[in-house]
Amino acid sequence: PKYHARETAQKLAELSDATLVLGSATPSLEAYSRAQRGDYHFYKLTKRLTGGSLPRVEIADLREELRNGNRSIFSVSLQEKLRDRLARKEQSMLFLNRRGYAGFVSCRACGYVCKCPHCDVSLSEHRGGRLVCHYCGYEQPAVKLCPSCGSKYILGFRAGTEAMEEQLHKMFPQARVLRMDADTTRTRESYEKILAAFARGDADILVGTQMIVKGHDFPAVTLVGVLAADLSLSMSDYRAGERTFQLLTQAEGRAGRGTLPGEAIIQTYRPEHYSIQQAAKQDYEAFYEEEILYRELSGYPPAAHMLAVQIYGKEEENVKQLAQRLADVVKSNMDFLQILGPTPANISKINDIYRYVFYVKHAEYDTL
């Protein structure tokens with residue numbers, strides 16, 4: 001069974017008659033709506049604990065960059081600001097909204113994507129000519145020709161943390177770069193070693209995935225760059241907008257925590273999206289007002305409650321049939337509930353086990 005830390009804490013507080021304090025710059029919509037309803041006492045901090053002002057945020061439209069002939073993974077503005085920070089001996093952090101050396105390997109001629117034979121996910125290209133599945137660990141050598149059409153134009157979509165590190169070394173040979181992602185933090189000590197080295201000033205630029213934006217306090221960091229800000233908007237999850245807003249706001253919050261003012265640059269192909277716009281303004285209330293409207297219109301939490309029923313099995317047809325039968329039972333006996341699906345789960349196969357899911361929605365938790 002999986003438990004949510006917030007719900008576990010709530011239950012523990014209830015059982016031991018304790019006070020529970022939830023703290024966040026980007027509370028979940030569920031927690032914030034409870035605070036709005038008065039279920040939680042609401043306290044708002046209006047200034048930074050460490051002093052200093054919030055960073056100035058700029059949005060770089062990557063479509064414009066491409067039109068102007070910039071094929072680098074860094075916008076012109078980010079390149080200039082990195083150069084400036086290196087000259088001033090200040091630190092920068094570059095956050096990539098994904099992991100691995102390359103997202104996926106695909107054929108430019110026929111569109112074929114190299115997938116894991118055991119899981120419904122694409123393989124990621126790693127150094128040393130390996131294709132790796134990040135779910136089950138399956139590995140195979142990289143392919144030179146497309147297995148589907150034989151074309152030689154089969155390449156990785158290169159925008160991972162390793163690719164960023166390589167580009168930085170080419171652009172700024174003098175820069176000392178540290179990388180922090182799932183590959184460089186395999187052991188517990190490595191995580192602490194990288195952070196300690198950066199805190200000591202042993203590196204000018206820290207490059208990494210999600211783990212570098214969570215609550216770290218480095219006073220010398222005056223620039224944060226977010227690459228591929230909109231990738232998380234494409235997740236097939238009703239919380240995609242909320243997750244994107246939280247990640248961007250947390251990333252921006254790493255800049256200017258000391259006495260020096262901070263700046264952040266968000267690179268995106270969707271600069272007009274409200275999650276990106278409100279994250280740039282660091283305006284949680286405005287984001288909440290817009291997001292809650294979508295949730296109410298579609299009947300998603302916190303406007304309604306949702307129950308996920310997941311069916312796993314080795315034979316896809318059996319899994320599919322059982323999911324359909326169970327969904328029909330709910331439909332015929334409880335017509336006041338709203339049912340979505342059944343459908344293959346977000347990742348429809350992991351380690352040769354097929355996964356189907358259907359969702360049941362209702363405004364009342366007890367009814368569910």
Side-chain angles (χ1 to χ4, degrees), residues 4-7 9-10 21-46 54-55 57-62 95-98 209-210 213-215 224 226-254 264-308 338-341 343 345-346 357 359-365 368:
H4 193 300
R6 186 179 61 224
E7 289 173 7
Q10 219 167 326
V21 181
L22 302 173
S24 175
T26 54
S28 70
L29 261 79
E30 286 80 354
Y32 193 74
S33 73
R34 282 177 192 159
Q36 298 291 82
R37 285 201 307 267
D39 299 351
Y40 292 166
H41 292 290
F42 185 52
Y43 301 96
K44 188 175 172 185
L45 298 174
T46 51
L54 287 171
V57 183
E58 179 187 315
I59 297 176
D61 185 346
L62 292 176
F95 160 56
L96 180 70
N97 201 357
R98 65 182 312 161
T209 47
Q210 208 163 312
V213 301
K214 303 287 184 181
V224 168
V226 180
L227 284 83
D230 40 51
L231 276 176
S232 47
L233 286 174
S234 314
M235 294 191 311
S236 49
D237 184 333
Y238 71 89
R239 288 176 296 240
E242 180 181 1
R243 294 257 166 86
T244 303
F245 175 84
Q246 289 174 336
L247 271 177
L248 297 184
T249 309
Q250 285 160 3
E252 292 159 10
R254 298 311 104 219
I265 294 187
I266 298 174
Q267 297 193 165
T268 174
Y269 287 101
R270 296 168 72 180
E272 65 295 325
H273 194 283
Y274 67 95
S275 305
I276 288 172
Q277 286 290 333
Q278 304 302 1
K281 294 181 191 137
Q282 295 161 80
D283 188 342
Y284 180 85
E285 279 95 350
F287 167 76
Y288 175 84
E289 293 305 331
E290 190 146 358
E291 180 69 19
I292 200 78
L293 284 176
Y294 289 113
R295 302 283 179 95
E296 283 164 358
L297 283 169
S298 320
Y300 282 119
H305 292 280
M306 253 172 108
L307 168 74
Q338 190 187 348
I339 299 201
L340 301 177
T343 173
N346 201 357
V357 64
Y359 297 96
V360 188
K361 294 204 284 190
H362 196 272
E364 299 297 323
Y365 184 79
L368 273 190

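All of these numbers come straight from a predicted model, not from anything done at the bench.
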Look at Glu291 together with Arg239 and state whether they make a salt bridge at an N to O cut-off of under 4.0 Å.
->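 Salt bridge between Glu291 and Arg239, a charged N being under 4.0 Å from a carboxylate O: no.
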Does [X], at its [atom1] atom, have more than 12 non-hydrogen atoms belonging to other residues, nucleotides or ligands within less than 6.0 Å?
{"X": "Tyr365", "atom1": "OH", "result": "no"}
{"X": "Tyr40", "atom1": "OH", "result": "yes"}
{"X": "Leu297", "atom1": "CG", "result": "yes"}

Nearest heavy atoms of [X] and [Y], plus distance in Å:
{"X": "Ala345", "Y": "Val357", "answer": "CA-CG1, 3.8 Å"}
{"X": "Arg270", "Y": "Asp230", "answer": "N-OD2, 3.3 Å"}
{"X": "Ala228", "Y": "Leu96", "answer": "CB-CD1, 4.2 Å"}
{"X": "Thr268", "Y": "Ala229", "answer": "CB-CB, 4.2 Å"}
{"X": "Ile292", "Y": "Pro302", "answer": "CD1-CG, 3.6 Å"}
{"X": "Ala264", "Y": "Pro55", "answer": "N-CB, 4.4 Å"}

Whether Arg254 side chain and Val213 backbone form a donor-acceptor pair below 3.5 Å =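 Yes.
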Lys361 side chain vs Pro301 backbone, donor-acceptor pair below 3.5 Å = no
Atom pair [atom1] ([X]) and [atom2] ([Y]), whose distance is rounded to the nearest 0.5 Å:
{"X": "Phe245", "Y": "Gln277", "atom1": "CZ", "atom2": "CD", "answer": "12.0 Å"}
{"X": "Leu248", "Y": "Phe287", "atom1": "CG", "atom2": "CZ", "answer": "10.0 Å"}
{"X": "Leu227", "Y": "Phe95", "atom1": "CG", "atom2": "CZ", "answer": "9.5 Å"}
{"X": "Leu22", "Y": "Tyr43", "atom1": "CG", "atom2": "OH", "answer": "12.5 Å"}
{"X": "Arg34", "Y": "His41", "atom1": "CZ", "atom2": "NE2", "answer": "15.0 Å"}

Could you give me the CA-CA distance, side-chain angles and deciding distance for Ser28 and Arg6, then say whether side chain to side chain donor-acceptor pair (under 3.5 Å) is met?
-> CA-CA 10 Å; Ser28 70; Arg6 186 179 61 224; 3.0 Å; yes
pair Gln267-Leu62: side-chain heavy atoms closer than 4.5 Å =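 Counting from C-beta outward, Gln267 and Leu62 do come under 4.5 Å.
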Side chain to side chain, His305 and His362, heavy atoms closer than 4.5 Å | no
Show the numbers, then the answer: is there a side chain to side chain contact (heavy atoms under 4.5 Å, CB included) between Arg295 and Leu29?
-> CA-CA 10 Å; Arg295 302 283 179 95; Leu29 261 79; 4.0 Å; yes
Please list all pairs passing the side-chain hydrogen bond (donor to acceptor under 3.5 Å, both in side chains) test where one or both residues lie in residues 280-289, with sequence neighbours left out.
-> Lys44-Glu285
Which one of Glu242, Arg243, Gln246 satisfies the side-chain contact (heavy atoms from CB on, under 4.5 Å) criterion with Thr26?
->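 So the option named by the test is Gln246.
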Any chance you could lay out the side chain to side chain contact (heavy atoms under 4.5 Å, CB included) test for Ser298 and Tyr238, step after step, and finish with the verdict?
-> CA-CA 9 Å; Ser298 320; Tyr238 71 89; over 6 Å; no
Between Tyr32 and Phe42, is a side chain to side chain contact (heavy atoms under 4.5 Å, CB included) present by the stated rule, with each step listed?
-> CA-CA 9 Å; Tyr32 193 74; Phe42 185 52; 3.6 Å; yes
Start with the C-alpha gap between Ile266 and Val57, add the side-chain angles, then the distance that decides, and say whether side chain to side chain contact (heavy atoms under 4.5 Å, CB included) holds.
-> CA-CA 7 Å; Ile266 298 174; Val57 183; 3.8 Å; yes
